[in-house]
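To start, the structure under review is shown below, and the notes come after it.
Computed from heavy atoms alone, side chains included, the values below leave out hydrogens, waters and symmetry copies. Order of the sequence lines sets the chain letters (A, B, ...), proteins ahead of strands, with each chain counted from 1.
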Protein chains: 2
Amino acid sequence: MSAELEVFDRLLEIALLIQEDLARSFAATDLTVSRTHLLWELNRLGPSTQNTLATALKVSPRNVTGLVDALEASGYVARPPHPRHRRALVVTLTDRGSQTMARMEHERSQIAAKLVADLDADQQEELRQGLDSIVTRLQGLVSPATASGRKRSA
Amino acid sequence: MSAELEVFDRLLEIALLIQEDLARSFAATDLTVSRTHLLWELNRLGPSTQNTLATALKVSPRNVTGLVDALEASGYVARPPHPRHRRALVVTLTDRGSQTMARMEHERSQIAAKLVADLDADQQEELRQGLDSIVTRLQGLVSPATASGRKRSA
DNA sequence: TATTGTTATACTCTATAACTATA
DNA sequence: TATAGTTATAGAGTATAACAATA
């Protein structure tokens, strides 16, 4: 197998394994991947309208309605009306939602540390640079037209 | 942000971008991610029973029935009965299925090459080793009990 | 008229349980 | 009894289109 394919295959395998690990960590809760993704974005963005979330998640507004319905029913979010726009709703993390996100952020740090535990600081830095290069290349592949204008969120 | 998190975040972003790129390449066909995954495994394993596919894809037999139904209807696979077991079916790639897989393998090679085009041979090799270390760590996280027994398919 | 969200409808992926046919 | 697959049922994620409420 060529050297390029070896790198690519490992990236695919890592993607799969990370997903598996996430699914395992969800199993302890009543959350699904999509709902957790919404909570994660909400945590990042702060209180948001459903349309904002739909854009952030690259998903239809109708879909967000369903996800927020479920998250509201299980107590992770609330959606009081917008103070200055009675039609709009502002989706907000409840205490339970905030605590869950805090726990997940913590788990994420621990996993991140474990993954590179076999590498010294120099190796980690070179790895980061290699991955950075790949991210840039991939962004060019996925959206060639707007690649120059897109920036990863640092 | 810590160095560990930087590596982890890039891995997550790469996983997302690869998925996006795959979805884009499906858009030209009538295939979905799950159906393509089945075709891919079938291509790797050769003609297989549905139970074998269910195990390979880590999915229920009932689910495989649905996927194969759809792939048969669109002409990617056939399922003649097993020669020595009239109850069993042997799922097989049709010409269309084989050609599609050949094309996808080719695309995969090209993408793989593009991703690391900015790196010289030494950097590619170091990257591969770094990723290898991460794969091993992840396998340990995902299935701690059987980690020592599991081997990546080289 | 434009924005925000919901109702209506439909398709895909997924699972478990019960069942049929075969070995 | 064990294996291979399907029918039945159900839940989750997703989409588009039509609609209502608000601005």
Donor-acceptor pair between Asp95(B) and Tyr76(B) side chains, under 3.5 angstrom
no
Hey, does the side chain of Asn51(B) come within less than 4.0 Å of dG5(D)'s phosphate (OP1/OP2), counting only N and O?
yes
Could you tell me how far apart His85(A) (NE2) and dT22(D) (C1') are, to the nearest whole angstrom?
6 Å
Show the numbers, then the answer: is there a side-chain contact (heavy atoms from CB on, under 4.5 Å) between Glu20(A) and Leu138(B)?
CA-CA 10 Å; Glu20(A) 229 176 288; Leu138(B) 263 173; over 6 Å; no
Think Arg35(B) has a side-chain N or O under 4.0 angstrom from the OP1 or OP2 of dC13(C)?
yes
Could you state the CZ-P distance from Arg79(A) to dT4(C), rounded to the nearest angstrom?
16 Å
What's the closest nucleotide to the side chain of Thr32(A) if the choices are dA12(D), dA4(D), dT6(D)?
dA12(D)
I'd like to know if Arg10(A) and Glu13(A) make a salt bridge, using a cut-off of under 4.0 Å between side-chain N and carboxylate O.
no
Is there a side-chain contact between Arg84(A) and the phosphate of dT4(C), meaning an N or O under 4.0 Å from OP1 or OP2?
no
Nearest-nucleotide pick for Arg62(B), side chain only, options being dA8(D), dT7(C), dG5(D):
dA8(D)
In whole angstroms, the gap separating P of dT6(C) from CG of Leu53(A) amounts to 12 Å
Please state how far atom CG in Asp30(A) lies from atom P in dA12(D), giving the value in whole angstrom units.
10 Å
Provide, to the nearest angstrom, the distance between the NE2 atom belonging to His82(B) and the P atom belonging to dG5(D).
9 Å
If you check every side-chain atom of Leu67(B), which of dG5(C), dG5(D), dC13(C) has the closest atom?
dC13(C)
Closer than 4.0 angstrom, basic N to acidic O: yes or no for Lys114(A) and Glu4(B)?
no
Are a donor atom and an acceptor atom from the side chains of Ser133(A) and Thr136(A) found within less than 3.5 Å of each other?
no
When the distance from CG of Leu38(A) to P of dG13(D) is rounded to whole Å, what number comes out?
10 Å
How do Val59(A) and Asp69(B) order along DNA chain D: which one's closest nucleotide is nearer the 5' end?
Asp69(B)
Is there a side-chain contact between Thr49(A) and the phosphate of dT4(C), meaning an N or O under 4.0 Å from OP1 or OP2?
no
Given dT16(C), is OP1 or OP2 found less than 4.0 Å from the side-chain N or O atoms of Ser60(B)?
no
When all nucleic acid strands are considered with a 4.0 Å heavy-atom cut-off, which category describes Ser34(A): base, sugar-phosphate, or nothing?
sugar-phosphate
Is Asp9(A) salt-bridged to Arg128(B), going by a charged N under 4.0 Å from an acidic O?
no
N/O (side chain, Arg86(B)) to phosphate O (OP1/OP2, dT20(C)) under 4.0 Å
no
Does dT3(D) have OP1 or OP2 under 4.0 Å away from a side-chain N or O of Gln50(B)?
no
Between dG5(C), dA8(C), dG13(D), spot the one nearest the side chain of Asn63(A), thanks.
dG13(D)
Indicate, yes or no, whether a donor-acceptor pair under 3.5 Å links the base of dT20(C) to the side chain of Arg87(B).
yes
Atom pair distance, as rounded to whole Å: CG in Leu31(A) and P in dG13(D):
10 Å
